[in-house]
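These notes are about the structure you will find just below.
Please read all numbers here as calculations on a predicted model, not as lab measurements. All residue numbers refer to positions in the sequence shown, counting from 1.
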Amino acid sequence: MIARNLVTTAIEATWPKKEPIIFLGSWCCSFSRKPYWSSLDFEIVKYHWDDRKKLANDYKYLELTYEIFLEKFTNELNKIHSTSYSNRFWRILIGPWLYTCIQILFDRWYMLDKALKNENNIIKYSLGNDLSSLVADDMDSFNHIIETDEWNETLYSLLLKTHFSSKVSVNYVKNDVIKKKSQKKISKKNLLKSKIIKLSNKLSHFFSANKSIFIIAPQMSFIKQILLHIRLKQFPVFWFNEPKRYSFINNSKFRDNIDLLNKPESSNDFEDVLNNYIFKLIPRIYLEGFKSLLQTTKLQGWPNAPESIFTSNSYASDENFKCWAGHQVDLGSKLIIGQHGGNFGMTPMAIHETHQFKISDKWLSWGWSNSKQKKIIPVGNFKSRQSKMKSKTDGDALLVSMTLPKFSYYLYSVPIASQMDDYFTSQLDFAKALPKHIREKLKIRLYPLDRDWNQKERWQSEIESISFDNGKKTLLDSLTQSRIFIGTYNATTYLETFSVNMPSILFWNPNHWELNEEAMNYFNYLIKVKVLHFSPQSAASHLTHIWDDIDNWWFSNDVQEAVINFNNHYSKKNSNIINTIAKHLKYY
């Protein structure tokens with residue numbers, strides 16, 4: 001029997017020359033290389049989370065697993081660093097990395113297990129299995145490297161070596177792909193930026209008291225921020241985070257001795273994987289660089305023990321902010337997080353949303369609430385512009401696209417990994433279903449981050465003379481030249497168009513963009529008036545029907561009532577938004 005070769009990524013140096021191939025997923029098969037890989041003898045393993053019921057069950061299990069390991073990390077990191085920070089401190093600091101890493105390890109392990117379950121004679125060509133190459137400096141670098149073929153290739157190779165060695169023969173090939181990163185020199189531009197930020201923070205510190213309300217990255221305009229400070233009766237100040245300048249101790253005794261940690265008991269094979277890898281993959285900033293991080297947060301000039309801390313963005317990957325905010329929370333400050341985009345409150349799965357609720361004292365939404373989560377306070381959309389927009393009656397139909405990583409990362413209700421192929425196909429199906437005279441007026445706004453999906457090439461290969469928006473203007477500026485917006489995913493874009501009352505048609509796959517029961521009550525109104533469609537053909541048919549008089553449809557009583565009803569819950573206008581937010585930032 002001819003041995004088959006397991007291929008785990010798109011790195012062709014790990015592919016066999018002639019032998020049959022098992023592609024672990026369609027992420028191995030880049031669109032730009034289709035003429036090559038389509039000629040090979042191959043099969044693609046069906047993605048396990050194509051079964052979205054399994055995804056929902058796995059999501060619940062991984063949430064519980066995260067909580068168990070967070071408690072363990074809290075104990076062990078306090079022991080390692082001789083600190084006594086609370087579980088909440090460590091949740092704020094390492095939570096985004098920990099829940100993402102757990103979910104990534106589960107996905108990579110499960111797909112290998114699925115592919116090899118009934119196999120015994122498998123060969124794998126590998127570039128290497130250097131664990132240290134998987135360790136990120138901080139959350140930003142972690143978010144970057146987990147999307148790369150190189151990082152995932154190494155992780156798959158390590159998992160095969162430690163957990164599937166009886167089923168796979170691994171052959172190492174010359175490594176011309178993975179290169180050690182060089183230390184970047186600090187540019188004169190960054191040095192100047194750092195000096196300006198230090199000066200700004202010093203001035204801000206001078207004009208603010210320790211008990212002031214600290215506001216950073218609130219997802220509000222400059223004018224709104226000034227008005228908010230004035231309403232809070234404090235001098236308008238603007239805090240900034242300095243460029244990263246952490247020092248790491250290489251070959252730290254902490255990382256060398258990490259195997260000695262008291263780890264949770266394993267009840268299944270995956271938890272063995274977690275115990276083997278999760279502690280070793282912790283970013284350097286939380287281990288070797290932790291003392292440097294603490295020192296940096298003390299020197300950046302931010303206040304001590306402010307009454308409350310308000311942000312909409314800094315809680316995720318801003319290490320300075322997370323460390324400082326976690327410490328201030330332990331001292332008694334209140335952490336208030338503002339909504340920063342769409343999708344919130346709409347879906348049954350969103351680990352990043354749950355994380356925000358757990359670390360905050362209050363969570364300010366754009367309009368929605370949840371009887372089970374008292375922290376959520378509906379204040380209104382503090383990002384949106386208040387003015388209406390006039391569409392161009394003879395303009396284009398602007399279709400806005402997006403991308404997600406080709407490997408899974410943290411879980412929420414979106415297309416995951418290979419399911420993005422279906423997402424792109426649905427857009428092409430929409431365009432093909434349009435009559436020629438409308439298709440010629442279709443303009444595509446590609447997502448600026450391509451992530452190896454070859455967005456433009458996909459369109460050009462299927463649709464003749466397709467037109468593209470140059471992406472240099474903001475979405476709302478581009479819409480001034482359009483007669484209608486075509487939304488293809490559940491996120492912020494259509495909330496922006498709804499807020500300015502721009503004619504809009506939405507379509508997406510409901511199996512990949514799941515909605516919770518409460519949200520369906522509001523989306524059903526959009527479905528009824530044909531704003532939202534669950535197939536590209538339905539959306540194209542409706543656009544064709546209204547094309548000659550879009551305004552007559554959009555400004556009809558039924559459509560306007562449905563959109564206003566939706567806005568009032570998910571993107572509410574509040575003419576008194578500054579006063580409303582100020583009221584919830586105060587605790588005395």
Side-chain angles (χ1 to χ4, degrees), residues 193 196-197 199-201 203-204 207-208 212-242 302-303 306 308-318 321 325 335-345 356 360 362-368 376-390 400 445 448 471-481 485 491-502 504 567-586:
K193 181 181 177 182
I196 293 172
I197 287 173
L199 178 61
S200 175
N201 285 344
L203 290 172
S204 294
F207 286 109
S208 64
S212 296
I213 293 167
F214 182 88
I215 301 170
I216 188 170
Q219 194 90 358
M220 300 170 69
S221 68
F222 181 76
I223 297 299
K224 282 183 178 177
Q225 289 185 60
I226 290 177
L227 292 174
L228 180 57
H229 279 289
I230 292 172
R231 181 64 184 81
L232 291 168
K233 297 181 180 180
Q234 58 187 41
F235 192 88
V237 295
F238 296 88
W239 299 100
F240 298 96
N241 204 341
E242 292 188 39
W302 293 359
S308 60
I309 301 163
F310 177 51
T311 187
S312 292
N313 289 320
S314 296
Y315 60 84
S317 61
D318 185 335
F321 173 82
L335 177 59
I336 302 167
I337 294 178
Q339 183 172 337
H340 70 274
N343 197 276
F344 287 95
Q356 292 173 47
S360 62
K362 292 181 182 178
W363 197 90
L364 308 185
S365 85
W366 287 359
W368 64 280
I376 302 170
I377 301 169
V379 298
N381 190 336
F382 43 87
K383 178 190 176 185
S384 70
R385 53 190 284 182
Q386 297 295 319
S387 59
K388 302 293 183 183
M389 174 181 286
K390 178 65 177 173
V400 178
R445 185 179 174 94
K472 293 181 179 179
K473 299 178 181 178
T474 67
L475 172 61
L476 292 180
D477 285 340
S478 289
L479 284 169
T480 59
Q481 302 302 309
F485 163 80
T492 313
T493 50
Y494 71 87
L495 294 180
E496 292 186 70
T497 64
F498 282 11
S499 73
V500 296
N501 210 18
M502 176 76 186
S504 305
N567 279 344
N568 284 339
H569 194 69
Y570 290 110
S571 184
K572 186 176 182 179
K573 291 188 183 298
N574 181 353
S575 59
N576 201 30
I577 189 72
I578 300 300
N579 288 340
T580 304
I581 292 175
K583 181 180 73 172
H584 292 294
L585 298 188
K586 287 181 172 289

Considering only heavy atoms from C-beta outward, does the side chain of L227 approach that of M220 to under 4.5 Å?
no
Report the distance from atom NE2 of H569 to atom OG of S365, rounding to the nearest 0.5 Å.
8.0 Å
Sidechain-backbone polar pair: N574 side chain, V379 backbone, donor-acceptor under 3.5 Å
yes
Evaluate the criterion side chain to side chain contact (heavy atoms under 4.5 Å, CB included) for residue pair V500 and L479; output intermediate values, then yes/no.
CA-CA 11 Å; V500 296; L479 284 169; 5.8 Å; no
Students often mix this up, so state it plainly: with edges at 30° and 60°, are the rings of F382 and W366 parallel, tilted or perpendicular?
perpendicular
Does any non-hydrogen side-chain atom of P378 lie less than 4.5 Å from one of K572?
no
Minimum-distance pair of heavy atoms, taken over all atoms of V237 and H229
O-NE2, 3.0 Å
To the nearest 0.5 Å, tell me how far L228 CG sits from Q234 CD.
7.5 Å
At what distance, to the nearest 0.5 angstrom, does CG of L476 lie from CZ of F485?
10.0 Å
About how many Å separate CE of M502 and OG1 of T493, when rounded to the nearest 0.5 Å?
12.5 Å
Contact summary for P306 and P303, nearest pair of heavy atoms:
CD-O, 4.1 Å
Does P218 offer a backbone N or O that forms a donor-acceptor pair with the side chain of Q225 under 3.5 Å?
no
CE/M389 to OG1/T480 distance, rounded to the nearest 0.5 angstrom?
6.5 Å
Can you give me the closest heavy-atom contact between Y570 and G345, atom names plus distance?
OH-O, 3.8 Å
Taking all non-hydrogen atoms of both residues, which atom of S384 and which atom of K224 are closest, and how far apart?
O-NZ, 3.6 Å
If you define the side chain from C-beta out and look only at heavy atoms, does anything of Q339 sit under 4.5 Å from W368?
yes
Between T311 and I216, is there a donor-acceptor pair closer than 3.5 Å when you use the side chain of the first and the backbone of the second?
yes
Apply side chain to side chain contact (heavy atoms under 4.5 Å, CB included) to the pair N567 and K573, showing each step before the final yes or no.
CA-CA 8 Å; N567 279 344; K573 291 188 183 298; 5.7 Å; no
Backbone of L585 reached by a side-chain donor or acceptor of S308 within 3.5 Å:
yes
Any sub-3.5 Å donor-acceptor pair from K383's side-chain atoms to G341's backbone N or O?
no
Closest non-hydrogen atom pair, K586 against I213
CG-CD1, 4.0 Å
Taking all atoms of both residues into account, what is the closest heavy-atom pair of G471 and R445, and its distance?
CA-NH1, 4.0 Å
Check whether any side-chain heavy atom of L232 sits under 4.5 Å from a side-chain heavy atom of I215, and report yes or no.
yes
Consider ring-ring contact (aromatic ring centres under 6.0 Å, His included). Of F344, Y315, F310, which one does W363 pass it with?
F344
Passing candidate, side chain to side chain contact (heavy atoms under 4.5 Å, CB included) with S360, options I309, I336, I337
I337
